[in-house]
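Step one of this worksheet: look at the structure below.
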Amino acid sequence: MKIRVGQGYDVHRLEEGRDFWLGGIKVPHTHGAVGHSDADIACHVICDALLGAANMRNIGYHFSDRDPQWKGVDSKILLAKVMEMIREAGWEVNNIDVTIILQVPKLNPHIPEMKRVLAEVMNIDEEDLAIKATTSEHIGFVGRGEGIAAQCVALIKK
């Protein structure tokens, strides 16, 4: 068996009055992430980690923010397309570990639904997807509520 690991990292600015899509669900909050798509940072870092592990570049290469077809797109669609790409290349997900860094709102109540939705999109077992949330202890752009960051590690196998 061949295995590979990939890593994803992303940041988005938060803006008042926008919908806040995270982990495939709409999270109630006064601010939402700004991006070309729906700015679902969890989907984005998973895509980057999977693409990196499969040596297929990154999300921006495949879904450019200069391409109008991706404007406002549901990031679950991008994640499903990435899964198709890596499966066509013979890869399967072993496990994925996501960390979301956000000061507010608290995400723990939403994590079970995020796991359910994203595991369904990727057609993997929920037990193979870990999603964790942490704050930045009021330090930096995340701590001031100006943005959100996320990182992900994915292990794939062939």
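Keep in mind that the numbers below use all heavy atoms, side chains included, and drop hydrogens, waters and symmetry copies.
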Residue pair [X] / [Y], side-chain heavy-atom distance below 4.5 Å:
| X | Y | result |
| --- | --- | --- |
| M122 | L129 | yes |
| L155 | I96 | no |
| H110 | I25 | yes |
| M83 | L50 | yes |
| I156 | N94 | no |
| R18 | V34 | yes |
| V153 | V5 | yes |
| L118 | C43 | yes |

Main-chain N/O of I139 paired to S136 side chain as donor or acceptor, under 3.5 Å:
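Checked: pair present.
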Check: Q103 side chain, H138 main-chain N or O, donor-acceptor pair, under 3.5 Å:
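Judged by distance alone, yes, a pair lies under 3.5 Å.
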Can you list the steps and then say if R4 with K157 is a side chain to side chain contact (heavy atoms under 4.5 Å, CB included)?
CA-CA 6 Å; R4 287 192 186 159; K157 60 189 174 186; over 6 Å; no
Steps toward salt bridge (Lys or Arg N to Asp or Glu O under 4.0 Å) verdict (K132, D97)
CA-CA 8 Å; K132 307 175 306 297; D97 185 1; 2.3 Å; yes
Write down the atom of [X], the atom of [Y], and the distance for their closest heavy-atom approach.
| X | Y | answer |
| --- | --- | --- |
| A39 | H44 | CA-CE1, 3.8 Å |
| A53 | A154 | CB-O, 4.2 Å |
| P105 | P28 | CG-O, 4.0 Å |
| A49 | G8 | CB-N, 3.7 Å |
| M56 | A89 | CE-CB, 3.3 Å |
| L102 | L14 | CD1-CD1, 3.8 Å |

Residues I148, F20; criterion side chain to side chain contact (heavy atoms under 4.5 Å, CB included); working and verdict
CA-CA 11 Å; I148 182 172; F20 190 27; 3.8 Å; yes
Checking side-chain hydrogen bond (donor to acceptor under 3.5 Å, both in side chains) against D19, which of H29, K26, H31 comes through?
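One option only clears the test, and that one is K26.
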May I ask whether I41 and W21 are part of the same hydrophobic cluster, defined by side-chain heavy atoms of I, L, V, M, F, W, Y residues being less than 4.5 angstrom apart, directly or through others?
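No: no chain of side-chain contacts under 4.5 Å links I41 to W21.
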If hydrophobic clusters are built from ILVMFWY residues whose side chains come within less than 4.5 Å, do V121 and I46 share one?
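Yes, V121 and I46 fall within the same hydrophobic cluster.
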Partners passing ring pair (Phe, Tyr, Trp, His ring centres under 6.0 Å) against W70 (at least two apart in sequence or in another chain):
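Residues passing ring pair (Phe, Tyr, Trp, His ring centres under 6.0 Å) with W70: F63.
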F141: which other cluster members, linking ILVMFWY side chains closer than 4.5 Å, directly or transitively?
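Under the 4.5 Å side-chain rule, F141 groups with Y9, V11, I101, V142.
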Spacing of [X] atom [atom1] and [Y] atom [atom2] [to the nearest 0.5 Å]:
| X | Y | atom1 | atom2 | answer |
| --- | --- | --- | --- | --- |
| I100 | I111 | CD1 | CD1 | 6.5 Å |
| E88 | M85 | CD | CE | 8.5 Å |
| D40 | I77 | CG | CD1 | 12.0 Å |
| E126 | I131 | CD | CD1 | 9.0 Å |
| I59 | R57 | CD1 | CZ | 14.0 Å |

In this structure, are over 12 heavy atoms from other groups packed under 6.0 Å from K158 atom NZ?
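More than 12 heavy atoms, drawn from other residues, nucleotides or ligands, come within 6.0 Å of this atom.
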Determine whether more than 12 heavy atoms belonging to other residues, nucleotides or ligands lie under 6.0 Å from atom CD of E120.
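Not more than 12 within 6.0 Å, no.
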Between V117 and K76, is a side chain to side chain contact (heavy atoms under 4.5 Å, CB included) present by the stated rule, with each step listed?
CA-CA 9 Å; V117 168; K76 293 187 300 290; 3.6 Å; yes
Assess whether side chain to side chain contact (heavy atoms under 4.5 Å, CB included) is satisfied between L22 and M114, documenting all intermediate values.
CA-CA 8 Å; L22 187 60; M114 289 180 193; 3.9 Å; yes
Hey, are D10 and H12 close enough side-chain-wise for a donor-acceptor pair under 3.5 Å?
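The criterion, which ignores hydrogens and geometry beyond distance, is satisfied for D10 and H12.
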Side-chain donor-acceptor pair under 3.5 Å between H36 and S64, yes or no?
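Judged by distance alone, the side chains do not pair up.
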Chi angles and distances behind the salt bridge (Lys or Arg N to Asp or Glu O under 4.0 Å) call for R87, E92:
CA-CA 6 Å; R87 285 190 171 123; E92 281 298 328; 3.0 Å; yes
